[in-house]
Engineer: 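The following block contains the structure, expressed as structure tokens.
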Amino acid sequence: MQRCASTLPLATNTGDGPSSVTSTRPAPQADRNRAYRPRRQSTKKRTDNMGRNDKGSVGFIGIGTMGREMVRNLLIAGHSVRVFDLNEVAVADSVKEGAVRAKSPADAAQGADIVITMLPDTPHVEATIYGEQGLLKSPPPGKLIVDMSTISPVAVRRIHADLQTIGVSFIDAPVSGGPVGAKNAALSIMAGGDADAFAKAEPFFRAMGTTITHVGASGAGQTVKLCNQLICGINIQAICEALALGRASGLDLNLLRRVLLGGSAASWMLDKLGPAMIAGDVSAGFRIDLQLKDLRLVQEHAQALSVPLPGTALVTSQYVDARAHGEGSNGNQALFRVYDRMTNQVTG
């Protein structure tokens, strides 16, 4: 379960509890590799909370590895999308697929039912909200902003409170599923915030994800995501250790992986990243630098609550080791190189 974010540089009612139902839908079957073709606008009325035709207007800020796929799927679903990112190439690619170029976050919000941000870290989201051309000064007419990045739950609650003073709802809705999930509109979306705001956002979520869950009040989405990232990091570490032990014992690592996938050691990471780890492939889906950012957020949150996380501390130190060796731009599965150094093994 991975996630990647945009390359965009820095540009109190706490809500209702979690909904009782997790919304899921099958992954789309259409070939999403082909170029976007505008679909005929449906005249059928929805019965959801948009209260109008089933297509809406979206401002999208952050066209990175994940964001560009999410924009594509919003377009495929028939929504109109205005996009902003300081990476002109990324914006140009989305424009070719049917999006409209925006000049600033405020411009992206023009005429929008909802604005979605998908950015690398807390400061980027704060700049988008509080900046001179930010959303606090120029909110969308639809009065709804959703952040789908992975950022601090404390920052989320502050942003929620500040936007609430001007009548704008804010949902934290980080995602899991990585670039593949983003491409296939099969993301898991964990949302925190007011129930009414979640209901308004849900039709847009359905264009990007298959498992959509309202997990609680403002900040709850980010907290669930941090728990997710904690498990991901430690799971990768466990796989590295198993492969290192298997290699030292002379085992066929592909056979080892296949056997483990058939038992209680099976995991998404072993299934999806195991082949790359065995082959010595360090190519990035979700970079080590971003994994470290998420683990930092986990530890900050845990320390604020006086919750010791020794396993997280250990895997964080190993990812720091990887970055110290110039491997921060590698995929997070490349933690295996730390074990190569410790065991004097060579992968591949």
Side-chain angles (χ1 to χ4, degrees), residues 1-8 23-25 27-28 30-36 38-39 55-87 89-102 105 108-109 112-121 124-125 128 135 140 142 144-151 171-191 198 200-213 221-222 225 228 285-287 290:
M1 291 174 280
Q2 303 180 63
R3 171 208 59 82
C4 188
S6 165
T7 53
L8 177 65
S23 172
T24 61
R25 66 169 178 80
D31 180 6
R32 293 181 179 274
N33 291 319
R34 64 191 177 190
Y36 166 70
R39 293 183 174 184
K55 309 307 177 188
S57 175
V58 183
F60 202 104
I61 300 168
I63 317 300
T65 302
M66 297 288 284
R68 66 172 176 252
E69 303 293 349
M70 295 160 76
V71 167
R72 180 180 294 121
N73 288 325
L74 286 163
L75 291 167
I76 289 172
H79 302 295
S80 62
V81 187
R82 293 174 66 84
V83 295
F84 174 73
D85 196 305
L86 295 185
N87 183 336
V89 174
V91 171
D93 287 345
S94 290
V95 169
K96 288 177 184 177
E97 294 182 335
V100 176
R101 183 190 307 269
D113 298 305
I114 181 174
V115 172
I116 298 172
T117 57
M118 187 63 173
L119 300 165
D121 204 348
H124 303 82
V125 177
T128 300
L135 300 176
L144 179 60
I145 299 172
V146 175
D147 178 50
M148 304 188 78
S149 323
T150 301
I151 65 171
I171 295 288
D172 54 299
V175 303
S176 181
V180 173
K183 182 177 182 178
N184 294 330
L187 292 169
S188 175
I189 301 172
M190 50 214 85
F198 170 79
K200 287 175 62 179
E202 189 172 7
F204 301 97
F205 291 155
R206 289 184 180 280
M208 301 177 283
T210 52
T211 302
I212 301 159
T213 310
Q222 292 296 345
K225 179 58 187 293
N228 180 85
F286 184 56
R287 292 181 285 114
L290 289 173

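Position 1 is the first residue of the sequence, and the numbers go up from there. For clarity, every value in this text was computed on a predicted model and none was experimentally measured.
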Engineer: Do you know which two heavy atoms are closest between L119 and G62, and how far apart they sit?
Structural biologist: CD2-CA, 3.8 Å

Engineer: Give the minimum heavy-atom separation between T65 and P179, together with the two atoms involved.
Structural biologist: CG2-CG, 3.9 Å

Engineer: How far does NZ of K55 sit from CG of L74, to the nearest 0.5 angstrom?
Structural biologist: 10.5 Å

Engineer: May I have the step-by-step check of side chain to side chain contact (heavy atoms under 4.5 Å, CB included) for F84 and T128, ending in yes or no?
Structural biologist: CA-CA 11 Å; F84 174 73; T128 300; over 6 Å; no

Engineer: Could you tell me which non-hydrogen atom of A207 sits nearest to which non-hydrogen atom of A185, and how far apart they are?
Structural biologist: O-CB, 3.5 Å

Engineer: Verify side chain to side chain contact (heavy atoms under 4.5 Å, CB included) between F60 and M70, making sure each step is shown before the conclusion.
Structural biologist: CA-CA 9 Å; F60 202 104; M70 295 160 76; 3.9 Å; yes

Engineer: Does the side chain of I61 reach to within under 4.5 Å of the side chain of V115, using non-hydrogen atoms?
Structural biologist: yes

Engineer: So does E97 pair up with R72, basic N to acidic O under 4.0 Å?
Structural biologist: yes

Engineer: If you take all heavy atoms of A112 and A108, which pair is closest and at what distance?
Structural biologist: CB-O, 4.1 Å

Engineer: Does some side-chain heavy atom of K183 sit less than 4.5 Å from a side-chain heavy atom of V180?
Structural biologist: no

Engineer: Do R82 and V58 have side-chain heavy atoms sitting under 4.5 Å apart?
Structural biologist: no

Engineer: Kindly compute the distance separating CG (D113) from OG (S57), expressed to the nearest 0.5 Å.
Structural biologist: 5.5 Å

Engineer: Quick one: do I145 and I171 satisfy side chain to side chain contact (heavy atoms under 4.5 Å, CB included)? Show the steps, please.
Structural biologist: CA-CA 6 Å; I145 299 172; I171 295 288; over 6 Å; no

Engineer: From the options M148, K225, M118, select the one residue that forms a side chain to side chain contact (heavy atoms under 4.5 Å, CB included) with P174.
Structural biologist: K225

Engineer: Considering the options V175, N184, I116, which one meets the side chain to side chain contact (heavy atoms under 4.5 Å, CB included) requirement together with M208?
Structural biologist: I116

Engineer: Taking the side chain as everything from C-beta on, heavy atoms only, tell me whether I63 gets closer than 4.5 Å to V71.
Structural biologist: yes

Engineer: Does the pair M190 and S176 meet the rule for a side chain to side chain contact (heavy atoms under 4.5 Å, CB included), with working shown?
Structural biologist: CA-CA 8 Å; M190 50 214 85; S176 181; 3.8 Å; yes

Engineer: Could you pull out the closest heavy-atom pair between N73 and A182, with the gap in Å?
Structural biologist: ND2-O, 2.7 Å

Engineer: Using the side chain to side chain contact (heavy atoms under 4.5 Å, CB included) criterion, which residues pair with A201? Sequence neighbours excluded.
Structural biologist: I114, L144, V146, F205

Engineer: Please find the pair of heavy atoms, one from G64 and one from D85, that lie closest to each other, and give the distance.
Structural biologist: N-OD2, 4.2 Å

Engineer: Hey, does the side chain of D172 reach the backbone of D147 with a donor-acceptor pair shorter than 3.5 angstrom?
Structural biologist: no

Engineer: Are the side chain of T211 and the backbone N or O of S188 linked by a donor-acceptor pair below 3.5 Å?
Structural biologist: no

Engineer: With sequence neighbours left out, what residues match R68 under salt bridge (charged side-chain N to carboxylate O under 4.0 Å, His left out)?
Structural biologist: none

Engineer: Quick check for you: to the nearest 0.5 Å, what is the distance between L75 atom CG and S80 atom OG?
Structural biologist: 8.5 Å

